[in-house]
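Letters go in sequence order (proteins before strands), and every chain restarts at 1. These values consider heavy atoms only, across backbone and side chains, with no hydrogens, waters or symmetry-generated copies.
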Number of protein chains: 2
Amino acid sequence: MQTQESNVVRFGQAALRCADCRLQRVCVMHTVASHCAGETGVKCGRPSPRGHHLFRQGERLQALYIVRSGSAKSYVSTPDGLEQVIRFHLPGDLIGVDALGEGTHTSSAQAMEMITVCRFPLDVIEDAAHHDPALYAQILKHAGREITKEHARAVLLAQRGADERLAAFLLQMSDAYAHLGYSAVAFNLPMARQDIASYLALAVETVSRLFTNFQHEGLLEVDRRSIHIPSLERLRAVARASGKTLLTANG
Amino acid sequence: MQTQESNVVRFGQAALRCADCRLQRVCVMHTVASHCAGETGVKCGRPSPRGHHLFRQGERLQALYIVRSGSAKSYVSTPDGLEQVIRFHLPGDLIGVDALGEGTHTSSAQAMEMITVCRFPLDVIEDAAHHDPALYAQILKHAGREITKEHARAVLLAQRGADERLAAFLLQMSDAYAHLGYSAVAFNLPMARQDIASYLALAVETVSRLFTNFQHEGLLEVDRRSIHIPSLERLRAVARASGKTLLTANG
DNA sequence: CGGGCACTTGAAGATAATCAATGCCGGTGG
DNA sequence: CCACCGGCATTGATTATCTTCAAGTGCCCG
């Protein structure tokens with residue numbers, strides 16, 4: 001069920017237009033949007049339930065997406081049926097750039113909770129980029145950042161211990177929420193423990209134990225998916241050097 | 001020591017022009033080159049010795065590079081002084097795309113042996129892209145592939161054991177050489193064991209042991225950096241499932 | 001109220017890291 | 001030409017970290 005006016009959607013009682021979007025500040029696509037006053041095919045706000053796939057690995061690239069509200073995860077499926085979480089997406093994030101390589105999605109994107117996204121069909125993007133080549137530069141910039149993030153993750157996985165990884169992950173989430181104007185020290189994780197484990201290349205059990213340990217150390221107050229960070233500084237210290245003498249995964 | 005004619009360089013006795021370049025087939029930048037008949041600032045072929053840095057992490061992005069001959073590695077330096085190898089670059093590879101994110105290099109690129117590169121200053125690229133927006137799409141495509149490769153690496157590091165990683169790495173090199181028209185089963189690794197270890201997130205000792213084990217299993221003939229692969233199929237089998245009952249890192 | 005799924009906890013085991021030492025090759029200088 | 005040096009690579013023994021297996025708890029949803 002979608003509205004007739006493209007670029008506009010009724011969500012609850014509110015009609016949302018890109019011009020009104022509170023995410024303009026963090027949204028890579030407002031250049032596209034600015035060229036999309038009328039009927040453009042851009043659809044903003046399509047509420048999807050938890051578990052919904054925006055696209056699946058192997059599908060042809062048709063559109064890029066921006067998260068408006070809620071959150072999603074990207075993952076790749078391995079031949080042996082396992083799932084590797086690649087990235088978590090919060091409001092403002094652009095999804096699907098990796099598919100620009102071969103025109104086919106190399107990862108799947110799935111909603112982790114009720115989510116609304118803005119959909120930018122590829123042809124619309126190309127049209128907009130034709131009018132304003134700066135858009136290409138913009139997307140390229142985004143792609144560059146994406147690569148940089150992957151590098152940071154490679155360092156994390158290659159050189160850091162389990163506790164350092166979890167601490168770094170929590171700080172990453174904290175930063176993301178802060179950047180969106182939410183609290184940096186109190187938030188709810190939208191993803192399951194299993195997803196965190198996959199993302200950090202750890203076993204679920206290890207992640208679980210680490211949460212417990214962090215809590216016992218007073219680094220964290222955890223209640224299921226609700227997180228409170230008493231001291232960002234202390235958590236940063238753990239992310240940097242790890243408590244080599246402080247914590248062990250097993251209790 | 002550089003030639004006067006840009007886009008042309010004397011290397012040994014041969015004058016090399018992009019138009020003559022045997023890498024055209026694999027070179028992302030021939031679109032740029034085709035707009036660079038005259039004095040463009042593009043410098044092709046600048047022989048640099050082993051150890052030479054094309055750029056360093058933190059430096060302002062000034063140009064992208066394409067490897068013409070030889071090989072290089074990209075790595076990021078961590079706060080604690082460690083080096084994380086991100087990628088190896090063979091002839092035809094485009095280097096520096098990650099810096100398109102913030103305009104600053106987030107990794108360093110260093111020659112692993114005598115190397116020649118083509119240098120594409122950013123403004124030249126932008127000019128060329130102005131004439132032919134398809135170039136943007138081209139670079140974007142490359143960036144997408146880069147991201148996809150990072151995903152593959154994430155899967156490798158997260159889900160695979162040490163022997164599977166090394167096998168996958170060797171097959172990766174094999175494919176790369178085959179793609180360049182060289183032998184897929186006999187080649188010299190341009191990088192040190194330490195670099196392989198870093199790239200695969202393993203200790204040097206582990207890599208060394210694995211080479212030895214592979215050799216004993218008849219999977220590989222290794223002499224220092226010279227590699228011969230008797231059976232690609234068998235190596236692929238190891239990369240897939242690992243010899244869970246077959247090999248152990250320690251002797 | 002019951003079932004299933006997500007999460008937690010514990011104990012045993014495996015994989016790869018670390019520590020420590022030796023071997024090999026290539027280059028340099030006597 | 002040979003001897004020495006330094007970096008790179010290999011090998012062995014021990015240990016730490018994390019995984020795996022197994023079981024149990026609690027919460028959410030029908």
Side-chain angles (χ1 to χ4, degrees), chain A residues 49-51 73 82-83 85 112-114 156-167 188-216 220 222-227 238 241-251, chain B residues 49-51 73 82-83 85 112-113 156-167 169 188-216 220 222-227 238 241-251:
Chain A
R50 171 188 158 83
K73 64 176 174 182
L82 296 176
E83 224 175 67
V85 174
M112 295 192 298
E113 58 185 328
M114 183 63 76
L156 198 68
L157 297 193
Q159 301 190 351
R160 304 300 182 185
D163 43 13
E164 300 170 87
R165 290 186 213 173
L166 184 60
N188 285 304
L189 295 173
M191 72 290 285
R193 294 284 190 275
Q194 178 57 62
D195 291 326
I196 301 176
S198 174
Y199 181 71
L200 297 177
L202 296 170
V204 207
E205 295 93 327
T206 304
V207 172
S208 192
R209 280 186 246 276
L210 286 170
F211 271 117
T212 305
N213 290 352
F214 280 12
Q215 174 132 303
H216 288 159
L220 226 53
V222 189
D223 177 30
R224 217 150 168 79
R225 296 192 182 177
S226 143
I227 303 288
V238 174
S242 166
K244 263 154 194 161
T245 61
L246 185 66
L247 297 166
T248 305
N250 289 324
Chain B
R50 172 188 157 81
K73 64 176 175 183
L82 295 176
E83 230 176 60
V85 173
M112 296 192 297
E113 57 186 328
L156 198 69
L157 296 193
Q159 302 190 351
R160 303 302 183 183
D163 41 13
E164 300 169 89
R165 289 186 215 174
L166 184 61
F169 166 72
N188 286 302
L189 295 173
M191 72 290 285
R193 294 283 189 274
Q194 178 58 63
D195 291 327
I196 301 176
S198 173
Y199 180 72
L200 297 177
L202 296 170
V204 206
E205 294 94 326
T206 304
V207 171
S208 194
R209 280 186 245 277
L210 286 170
F211 270 117
T212 305
N213 290 353
F214 280 11
Q215 174 132 303
H216 287 158
L220 227 51
V222 190
D223 177 31
R224 222 153 163 76
R225 296 193 183 177
S226 143
I227 303 287
V238 174
S242 168
K244 266 158 191 158
T245 60
L246 186 66
L247 296 166
T248 304
N250 288 327

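Rounded to a whole Å, the CG atom of B/L157 is 15 Å from the P atom of D/dC18. The interatomic distance linking A/E205 (CD) with C/dA12 (C1') rounds to 13 Å, in whole Å. Spacing between atom CZ of A/R160 and atom P of D/dA16 amounts to 21 Å, rounded to whole angstrom units. Distance, B/L220 CG to D/dA9 P: 15 Å, rounded to whole Å.
No engagement by A/A197 is indicated, since no non-hydrogen atom pair under 4.0 Å with the nucleic acid exists. Nucleic acid contact for A/R225: sugar-phosphate only, since backbone atoms but no base atoms lie under 4.0 Å from a heavy atom of the residue.
At least one side-chain nitrogen or oxygen of B/T206 sits closer than 4.0 Å to the OP1 or OP2 atom of C/dA17.
B/E113 has no carboxylate O lying under 4.0 Å from a charged side-chain N of B/R225, or vice versa, which leaves the two without a salt bridge.
Between the CZ atom of A/F211 and the CG atom of A/L166 there is a distance of 5.0 Å, given to the nearest 0.5 Å. For the atom pair CG (B/L200) and CZ (B/R160), the distance works out to 13.5 Å, reported to the nearest 0.5 Å.
A donor-acceptor contact under 3.5 Å is formed by the side chain of B/R209 with the base of C/dT18. Taking 3.5 Å as the limit, the base of C/dC5 and the side chain of A/Q194 contain no donor-acceptor pair of atoms between them.
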